Amino acid sequence: VDMVNKEPEKPLRLAFLSLQNNAFFDLVAQGAELGKQLMAEHNVTVDYIVMGDTMDAQTVNTAMDAAIVQQYDGIIVTPFSVGTEAYIDKAVDAGIPVITLYGESTEPSKRMLFIGQDAYSAGKIVGEYVADKYPEGGKYGIVTGVFGVEVFEGRNSGFKDGLAKNGAEWEEVGIMESGDSADKVYSITKDYLTANPDLKAVYVSSGGNYGASKAIEEKGLSDQVISAGHDEVPDNLEYVADGQMVVISQDTMGVAVSSLIYMYNYLVGGVEPESDVIPSNSFMIDKDNVSDYL
């Protein structure tokens, strides 16, 4: 998105509230840093604030409340959970516009803009890829992040529907909660593989997908079991390059930069986004095109 050709009348302060529990958020931080450098050229200070490592409403709401008290001119936040909409509304009612990223509550809020993927569609695309790889069907396991979080639930539903693309019979051997931790993804995947020697796929709808590939590799099953999931984090791409994993990107760094520009345009130029939902650029990444991302 282009920045408006106008400078602020006074210095502005933006809060970028994020989490930190796996490598996905490293990309978020890198994107925010690029945006921070851009904003600094226009008399705008961006404070990148790690809310915590737990993806729940209490963590987000505590950080939102603090940002409201500090009277930031705008807030960008990765809320994910139901229950966060109340504090988003509190910020807006206090005159602070809010942009949400990557995933948000299923309940409506007064936020100005959401930027991210449609979770269901992204999961479905990954499911279709796995269905094409194994047209005969088979067994699969799912590792989700946190039960009840919209972005994970949407991806899981989409993945299952995507598997049905070719009409083959698929059997789900389990769906387990990882807390968005790569170590937990690794442990769950090992259990799936031990209990199901004929497993075909492990779908990770949360962060930490590389934990699944690590477990598959250690079992010597890289030629038999595919790890499928999300995000172009370096740890994932190493396994993608080996042909063991496939992921769908959501342009993680680009979303972070764009959010700051949208906020700048609104605060400085009075320009509202063309829609209250902006889809992120999404790309399937497999062995054939991974070199573009590495």
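None of these values were measured; they are calculated from a predicted model.
Listed by chain and residue number, D251, F283 satisfy the side-chain contact (heavy atoms from CB on, under 4.5 Å) test with N281 (two or more places apart in sequence, or in another chain). Under the ring pair (Phe, Tyr, Trp, His ring centres under 6.0 Å) criterion, F80 pairs with no residue, sequence neighbours left out. In this structure, the salt bridge (charged side-chain N to carboxylate O under 4.0 Å, His left out) partners of K110, at least two apart in sequence or on a different chain, are D93. Listed by chain and number, the residues in a salt bridge (charged side-chain N to carboxylate O under 4.0 Å, His left out) with E136 are K200 (sequence neighbours excluded). Applying the ring pair (Phe, Tyr, Trp, His ring centres under 6.0 Å) rule to F24 yields the partners Y102; only residues at least two apart in sequence or on another chain are considered.
Using a 4.5 Å cut-off between side-chain heavy atoms of Ile, Leu, Val, Met, Phe, Trp and Tyr, Y186 forms no hydrophobic cluster with any other residue. In this structure, Y120 shares a hydrophobic cluster with no other residue, the cluster being traced through Ile, Leu, Val, Met, Phe, Trp and Tyr side chains under 4.5 angstrom apart.
For residues 221-240, no pair satisfies salt bridge (charged side-chain N to carboxylate O under 4.0 Å, His left out), with sequence neighbours left out. Residue pairs meeting the ring-ring contact (aromatic ring centres under 6.0 Å, His included) criterion with at least one member in residues 228-253, sequence neighbours excluded, are Y203-H230. Under the salt bridge (charged side-chain N to carboxylate O under 4.0 Å, His left out) criterion, no residue pair touches residues 283-294, with sequence neighbours excluded.
D132 is not listed as a side-chain neighbour of Y129, based on a closest heavy-atom distance of 4.5 Å or more. Between E153 and T106 the shortest side-chain heavy-atom distance does not fall below 4.5 Å. Annotation: side chain of Q30 is not in contact with side chain of T252 (no heavy-atom distance under 4.5 Å). Looking at I226 and M245, their side chains never come closer than 4.5 Å, going by heavy atoms from C-beta outward.
Residue V98 forms a side chain to side chain contact (heavy atoms under 4.5 Å, CB included) with just one option from V92, L113, D89, and that option is V92.
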Going by atom type alone, with no hydrogens or angles, which donor-acceptor pairs under 3.5 Å involve a side-chain atom of residues 7-19 and a protein atom two or more places apart or on another chain?
from	atom 1	to	atom 2	distance (Å)
E7	OE1	H42	ND1	3.3
E7	OE2	H42	ND1	2.8
R13	NH1	Q70	O	3.1
S18	OG	Y48	OH	3.2

Would you give me the side-chain donor-acceptor pairs under 3.5 Å for residues 170-177, sequence neighbours excluded?
from	atom 1	to	atom 2	distance (Å)
W170	NE1	L163	O	3.4
E172	OE1	Y140	OH	3.2
E172	OE1	K160	NZ	3.3
E177	OE2	F147	N	2.8

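A donor atom on one side chain and an acceptor atom on the other are found under 3.5 Å apart for Q37 and E33.
When the side chains of ILVMFWY residues are joined at heavy-atom separations under 4.5 Å, either directly or via intervening members, F114 and I88 end up in two distinct hydrophobic clusters.
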Show your reasoning for whether side-chain hydrogen bond (donor to acceptor under 3.5 Å, both in side chains) applies to D26 and Q20. CA-CA 8 Å; D26 294 339; Q20 185 58 61; 3.2 Å; yes
